[in-house]
Number of protein chains: 2
Amino acid sequence: MEIYKGEKKWLYLQKNSIADLFSFPVEEFIEVHEYQRNDWIIQEGMRPDFLFYVLEGKAKIYITHQNGKVSLINFINANEYIGEMELLHDVYYTKGIQASTKTICFALPIHYYRKQLLEDAKFLRELTKFLSVKASVMAAKYTQSLAFPLENRLAYFILQTADEGIYKEGHVTVCDYLGVSYRHLLHVLAQFCDKGYLQKQGRNYQIKQYHSLHELAEVFKN
Amino acid sequence: MEIYKGEKKWLYLQKNSIADLFSFPVEEFIEVHEYQRNDWIIQEGMRPDFLFYVLEGKAKIYITHQNGKVSLINFINANEYIGEMELLHDVYYTKGIQASTKTICFALPIHYYRKQLLEDAKFLRELTKFLSVKASVMAAKYTQSLAFPLENRLAYFILQTADEGIYKEGHVTVCDYLGVSYRHLLHVLAQFCDKGYLQKQGRNYQIKQYHSLHELAEVFKN
DNA sequence: CTCAAAATATGAGATATCTCATATTATTTG
DNA sequence: CAAATAATATGAGATATCTCATATTTTGAG
C-alpha cells in the first residue's frame, strides 16, 4: 500500500472534486491510498481507521463462514464507499476487502471526521443513495439465488463480464461469488459448451449463442 | 386501510415524537395510517405516494419472480421505513408490502416533502443507519443461504420465532422466507421431529432439544 | 352456513448441487 | 530457478432440494 504525498496527492484532490462529497473541508487529514491487486484494504475482523471512497479500481468484499466457506459478497467499483458500516455502527463485524485491480481511494480518518460527517447532509445524502442501492442489490441477489438455479445466474454473470465475446473470469472467484462449488460451476460450464452456447478456448470461453444466454438471463429483468 | 383524523391522529403524533425523525415541521401533511393483517400497504410494481415510518405492527416485503416464485425478502418492524427507495430513486421496481399484523404508520406525502427530506441531516442520518443495517442483513442472508443448508437456517429461524418453546409459523410464509419448497420444508421439519429436536402438537411444534437447535444455528454467529 | 380457496400433509421420482479423491498446469516467492 | 502454493480439470457417489400428484383440513367471503 502506498500513501500519496505532495504533488501526487494534490493531483487526486483536484481531479476528483471532493466538494461533491462533503460540505466541509477535509483537506487537512484526508489521505490518498493506492493498493495493488490482491492487497487487503481491510482485513476481515479488523476495524478500519478510515472511511474510504474509491476513485479508481475494483475491489471485492469477502466474508468467511464458520464452516470455512468463503463468500464473495460483492464487488466494489469507483465512486463507492468502503468502511461506512464502521463509521455508522460502534459494533460491527468487519468484512474483508481485497483489491482486485490497482485501486486508489480517498481515506478519511474516522477518528477526526466522524462527528462532522454524521451532520453533513450532502455526505449523508450520497451515502444514503449508495446504501439504498447496496441494500436493493443484495436483496435481489438473495432472492434470485434462491429462486433460480446456477444455470440462470451464470448466464447472467457471463453476459455481464464477458469482454468482446470472451468470458475469462477465474473459476475460484466466480464460485465464491455465485456461491456454488467449484465442481458444480465447471459442470454447468461444460453443459453450456455441450449445448453450443460457449466454446472453450484455452482457459477462456467464447460466447457462441448470445440469444441462448440472454434467454436464461432474462428471468432477472426488473 | 384507515386514515386517522382529529383526536386519534394527534394522539399518535404526540406519542411518537416526530421531532426525533425530522428537523422540520411535518404536521401539516403527515398522515397516520392503519392497515389490517393481510392488507397491502404497497402493491408490487405500483409506486407509492408516501414515505412510511412504522409505529406499530409488522409487515412483509415480497417480490414475485418471472417464474412465478414468490420471495419474502424480509420482515419490517416498528421504527423502520417503507418506501424510502422510491423517495431516493426516480426509477425503481417497487416491491409489495403486506401487513402481517395490524400496522400503524406515519405516511409522509413524498410529493410535498421530498426536497426537504433530502436536505435534512437528522432524517438522513436515521435513514442511513436503517439502510446500512438493511444492506448488512441482506448480505448476511444472501451468503448464509448459499453457504448452509436449510437445516441450519431453519433451526435459527425456529429459535428466533418460537414463543415460549412453541414454534407456530405458517409453512407457506416460511417457505417464501427461507426460499425453499413447501415439500422440502416439511421434510426437514419431519427430520427434526425424528431426531427428537421438536415434537409436533397439532399444527405447532414444541421445542424438545434447544441445545441441538442452537448447535445448528451456531454457524451464524458473528 | 356454505362453498371456494388456501393451507397442511405425504409419496415418489427427478435434478441441482456438494464432497472427496486425484492429476495436471500456472503462479508466486525465496 | 526450484519448491510451494493456487488454479484448473475430471470422475464417482452422496445429499439437498425440487416437481408433480393427490388427499385432507382449515379459513375466508358472501
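Chain A is the first sequence line, chain B the second, and so forth, proteins listed ahead of strands; every chain is numbered from 1.
- In this entry the distance linking CG of A:L189 with C1' of C:dT17 reads 15 Å, nearest Å.
- In this structure, CZ of B:R153 is placed 11 Å from C1' of D:dA16, rounded to the nearest angstrom.
- Between B:Y182 atom OH and D:dT22 atom C1' there is a gap of 13 Å when expressed in whole angstrom units.
- Comparing the axis of the opening five pairs of the helix from C:dC1-D:dG30 to C:dG30-D:dC1 with that of the closing five pairs yields an angle of 70°, rounded to 10°.
- Rounded to whole Å, atom C1' of C:dG13 lies 12 Å from atom CZ of B:R183.
- Rounded to an integer number of Å, the gap from CG of A:D194 to P of D:dT10 is 11 Å.
- Here the OG1-NZ distance, from A:T64 to A:K95, works out to 11.0 Å after rounding to the nearest 0.5 Å.
- With rounding to whole Å, A:L186 atom CG is found 15 Å from C:dA21 atom C1'.
- Whole-Å rounding puts the A:F148 CZ to D:dT17 P distance at 18 Å.
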Atom pairs under 3.5 Å, N or O on each side, protein against nucleotides 26-30 of chain C: can you list them with distances?
none

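- Of the N and O atoms on the side chains of B:E56 and B:Y12, at least one donor lies less than 3.5 Å from an acceptor on the other residue.
- When all heavy atoms of A:C105 and A:F52 are compared, the pair lying nearest together is SG-CD2, 4.0 Å.
- The six-membered or imidazole ring of B:Y205 lies away from that of B:F192, with a centre-to-centre distance of 6.0 Å or more.
- Using a 4.0 Å heavy-atom criterion, one finds that A:H171 contacts the sugar-phosphate atoms exclusively.
- Out of D:dT17, C:dT17, C:dT19, the shortest distance to the side chain of A:H187 is found at C:dT17.
- A parallel orientation is assigned to the rings of A:F29 and A:Y112, their planes being inclined by less than 30° (bins at 30° and 60°).
- The 5' end of DNA chain D is approached more closely, in terms of each residue's nearest nucleotide, by A:V172 than by the other of A:L146 and A:V172.
- Between A:Q191 atom CD and D:dG11 atom C1' there is a gap of 16 Å when expressed in whole angstrom units.
- Between A:F148 and A:F220, the ring planes lie perpendicular to each other; the angle is over 60°, past the 30° to 60° tilted range.
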